[in-house]
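Just below is one structure, and these are the notes that go with it.
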Number of protein chains: 2
Amino acid sequence: MLVNANAAARQPIDGHLADLAGEHVFCSEFKYRKGIEIFGEGEDAEYVYQITSGAVRTYRMLPDGRRQINAFHLQGDMFGFENGVAHRFSADALVETQVRIIKRSSILDAMQNRVVSNKNLICFVTQNLQHAEDHMLLLGRKSSLERVATFLLEMDERLAHPSMMLLPMNRRDIADYLGLTLETVSRALSILRDEALLRFDGNTQRRLELLDRHALAEFDV
Amino acid sequence: MLVNANAAARQPIDGHLADLAGEHVFCSEFKYRKGIEIFGEGEDAEYVYQITSGAVRTYRMLPDGRRQINAFHLQGDMFGFENGVAHRFSADALVETQVRIIKRSSILDAMQNRVVSNKNLICFVTQNLQHAEDHMLLLGRKSSLERVATFLLEMDERLAHPSMMLLPMNRRDIADYLGLTLETVSRALSILRDEALLRFDGNTQRRLELLDRHALAEFDV
DNA sequence: GCATTCATTTGATCTAGATCAACATGCGAG
DNA sequence: CTCGCATGTTGATCTAGATCAAATGAATGC
């Protein structure tokens, strides 16, 4: 919902989004506060988004409140690209998040005019597909400990192997991403902590250090 | 493995694959017997495939034998399209299956030469992505009965709502697609039979009729 | 800086689905 | 036709993870 965002300067896009659309398309910057919905399932897919800073969850819900988070998107990631006119899932900000927004129609125009690099556009969709395929294997066939180990290594990779990583999501988000309950995620993390594969920062349980990536990788079958 | 296939006539492709590559690219027809591998995870992604007749499963395996089937592909479906040089999953024929094969390189050439319709190519990948997103919700959050009901309605739709549908896959395949065991699938089907939502053909448990699609849809949340 | 609320951990118990086991049925090979 | 193996069903039991519950720790508002 753009209502919750504050418009910033209009400027040419760069990074991935520039590769996608060349220098010919302009976009806006918006900022979303923690927990705020960026778009909802079923809404018009007017824009494509790229994260400047912060983190976003995309997810689908069942009528009774069960939730499946498809993916966590971090700095540089693009999301919200749809085939049809409506979003097939919801997206909201996990923390204070800044995004670049480009009108879907301008990308479609650019495609028509051969301005867009097809290859990059397809690569973007294919990356999402590859992630989804990996995640189906996790959701269908991995144990809770394997899922949590896979998650930690995925985040470690995405955050460029920092010595201390600060997770932008809470235990419930992790659970809804991994197809578990928040209690099971918490227990799995405690087990990995007790086995000295990771340690928490004293102050907050969201800040943690991976102590043995090799041992974690053995859980990540 | 093309070793297991018999080459047939070279001819211009039609249907979806023609939309994708225009009239400029030619392809071969191959036939695979039931249970035969079409390609394996990690092999060179030399070809893209379209099913003329039959059915195919694409899947990934964990080292200890756990298997997750991504998708069942039926007549008209394309599969095997990869971003990189290697296949990220395996594919094999569920029943005697005939496929059209087109060299990946000729599609890439066609893309370079602007012969390919970008839109169709992206639509193809996006369709796969949408299916994967739906399936993540199923694998992460649905009960066994809901999974089986969803599966039956998916197959019913794919097979154009026949009065009697003949499933090309066995209970283990269904289980590995739905993230369950074959016993759980069998039990769920028995429950749906007992509740008169479906009935089996007397002779084979693979041939069944959906008696109450509306009631099934209530399980398919 | 204190209070209220939210996030997380940990423990006790429950249960959906897995596992183990036995039997039934159908199909292909000869 | 029938033997042997594949496939499928059903029952008994087990267990990983869910659910229920409580206590603690951390963040935020006043």
Side-chain angles (χ1 to χ4, degrees), chain A residues 33-35 57 62 64-68 94-96 138-149 151-152 166-195 198-208 219 221, chain B residues 33-35 57 62 64-68 94-96 138-149 151-152 166-195 198-208 219 221:
Chain A
R33 289 194 314 284
K34 178 178 170 174
R57 62 176 172 231
L62 291 173
D64 64 0
R66 282 174 283 174
R67 182 178 66 160
Q68 179 61 42
L94 285 165
V95 294
E96 171 124 342
L138 177 145
L139 293 170
R141 289 296 176 221
K142 289 189 185 178
S143 74
S144 61
L145 219 50
E146 289 167 348
R147 292 180 202 211
V148 171
F151 167 76
L152 289 171
L166 179 61
L167 298 175
M169 70 291 284
N170 64 26
R171 299 292 188 259
R172 168 166 292 284
D173 290 326
I174 300 173
D176 285 350
Y177 178 57
L178 298 178
L180 300 169
T181 60
L182 65 92
E183 292 94 333
T184 299
V185 170
S186 179
R187 277 184 245 271
L189 287 170
S190 296
I191 288 168
L192 296 173
R193 187 226 316 119
D194 294 348
E195 305 224 333
L198 60 84
R199 70 182 189 82
F200 293 110
D201 183 40
N203 289 331
T204 165
Q205 305 293 78
R206 295 229 199 149
R207 195 188 305 272
L208 55 87
F219 282 107
V221 281
Chain B
R33 288 193 316 282
K34 178 178 170 174
R57 62 178 173 231
L62 291 173
D64 63 0
R66 283 174 283 174
R67 182 178 67 160
Q68 179 61 43
L94 286 165
V95 294
E96 170 124 343
L138 177 144
L139 292 170
R141 289 297 177 220
K142 290 188 184 179
S143 73
S144 61
L145 220 50
E146 289 167 347
R147 292 179 201 211
V148 171
F151 165 76
L152 289 171
L166 179 62
L167 298 175
M169 70 291 284
N170 64 25
R171 299 293 189 258
R172 170 167 290 282
D173 290 326
I174 299 173
D176 285 351
Y177 178 58
L178 298 178
L180 300 170
T181 60
L182 65 91
E183 293 94 334
T184 300
V185 170
S186 179
R187 277 184 244 272
L189 287 170
S190 296
I191 289 169
L192 295 173
R193 188 228 313 123
D194 294 348
E195 305 224 332
L198 60 84
R199 71 180 187 84
F200 293 109
D201 183 38
N203 289 330
T204 165
Q205 304 294 76
R206 295 230 199 148
R207 194 189 305 274
L208 56 86
F219 281 107
V221 281

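Here the structure is a predicted model, which is why all the values come from computation and not from measurement. Reckoned from all heavy atoms, side chains included, excluding hydrogens, waters and symmetry mates. Here is the naming used below: chain letters follow the sequence lines, and residue numbers restart at 1 for every chain.
Rounding to whole angstrom units, CG of residue Leu189(B) and C1' of dT9(D) are separated by 11 Å. For the pair Arg207(B) CZ and dT7(D) P, the interatomic distance rounds to 17 Å; values are reported in whole Å. Rounded to an integer number of Å, the gap from CZ of Phe200(A) to P of dT8(C) is 10 Å. dC27(C) atom P lies 18 Å from atom CD of Glu96(B), rounded to whole Å. dC23(C) atom P lies 18 Å from atom CG of Leu182(B), rounded to whole Å. In this entry the distance linking CG of Leu208(B) with C1' of dT9(D) reads 15 Å, nearest Å. Rounded to whole Å, atom P of dT8(C) lies 9 Å from atom CG of Asp173(A). Atom CZ in Arg193(B) sits about 14 Å away from atom P in dG8(D), given to the nearest Å.
No side-chain heavy atom of Lys34(B) sits less than 4.5 Å from a side-chain heavy atom of Glu96(B). Val148(A) is not listed as a side-chain neighbour of Ile191(A), based on a closest heavy-atom distance of 4.5 Å or more. Looking only at side-chain heavy atoms (C-beta outward), Phe219(B) and Leu192(B) come within less than 4.5 Å of each other.
Partner assigned to dA6(D) is none, using Watson-Crick or G-U wobble distances below 3.5 angstrom. Applying the Watson-Crick and G-U wobble criteria (two distances, each under 3.5 Å), dT25(C) pairs with nothing in any strand.
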For nucleotides 14-18 of chain C, tabulate all protein N/O to nucleotide N/O atom pairs closer than 3.5 Å, reporting atom names and distance.
| unit_1 | atom_1 | unit_2 | atom_2 | d |
| --- | --- | --- | --- | --- |
| dG17(C) | OP1 | Ser144(B) | N | 2.9 |
| dG17(C) | OP2 | Ser144(B) | OG | 2.9 |
| dA18(C) | OP1 | Thr181(B) | N | 3.4 |
| dA18(C) | OP2 | Thr181(B) | N | 3.3 |
| dA18(C) | OP2 | Thr181(B) | OG1 | 3.0 |
| dA18(C) | OP2 | Thr184(B) | OG1 | 2.3 |

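Under the 90° criterion around 0 for the glycosidic angle, dA22(C) counts as anti.
No side-chain donor-acceptor contact under 3.5 Å links Arg207(B) to the backbone of Asp201(B). Side chain of Ser186(B) to backbone of Leu182(B): no donor-acceptor contact under 3.5 angstrom is found.
Between Gln205(A) and dT9(C), a side-chain N or O to OP1/OP2 separation shorter than 4.0 Å is present. Using a 4.0 Å cut-off, some side-chain N or O of Arg171(B) falls inside it from OP1 or OP2 of dT9(D). Phosphate proximity of dT10(C) to Ser190(A): present, with a side-chain N or O under 4.0 Å from OP1 or OP2.
No option in Arg67(B), Arg66(B), Arg171(B), Gln68(B) other than Arg67(B) meets the side-chain hydrogen bond (donor to acceptor under 3.5 Å, both in side chains) test with Asp176(B).
Nearest heavy-atom pair across Arg147(B) and Leu178(B) is NH1-O, 2.8 Å.
At a threshold of 4.0 angstrom between heavy atoms, the contacts of Ser186(A) include nucleobase atoms, whether or not backbone atoms are also involved.
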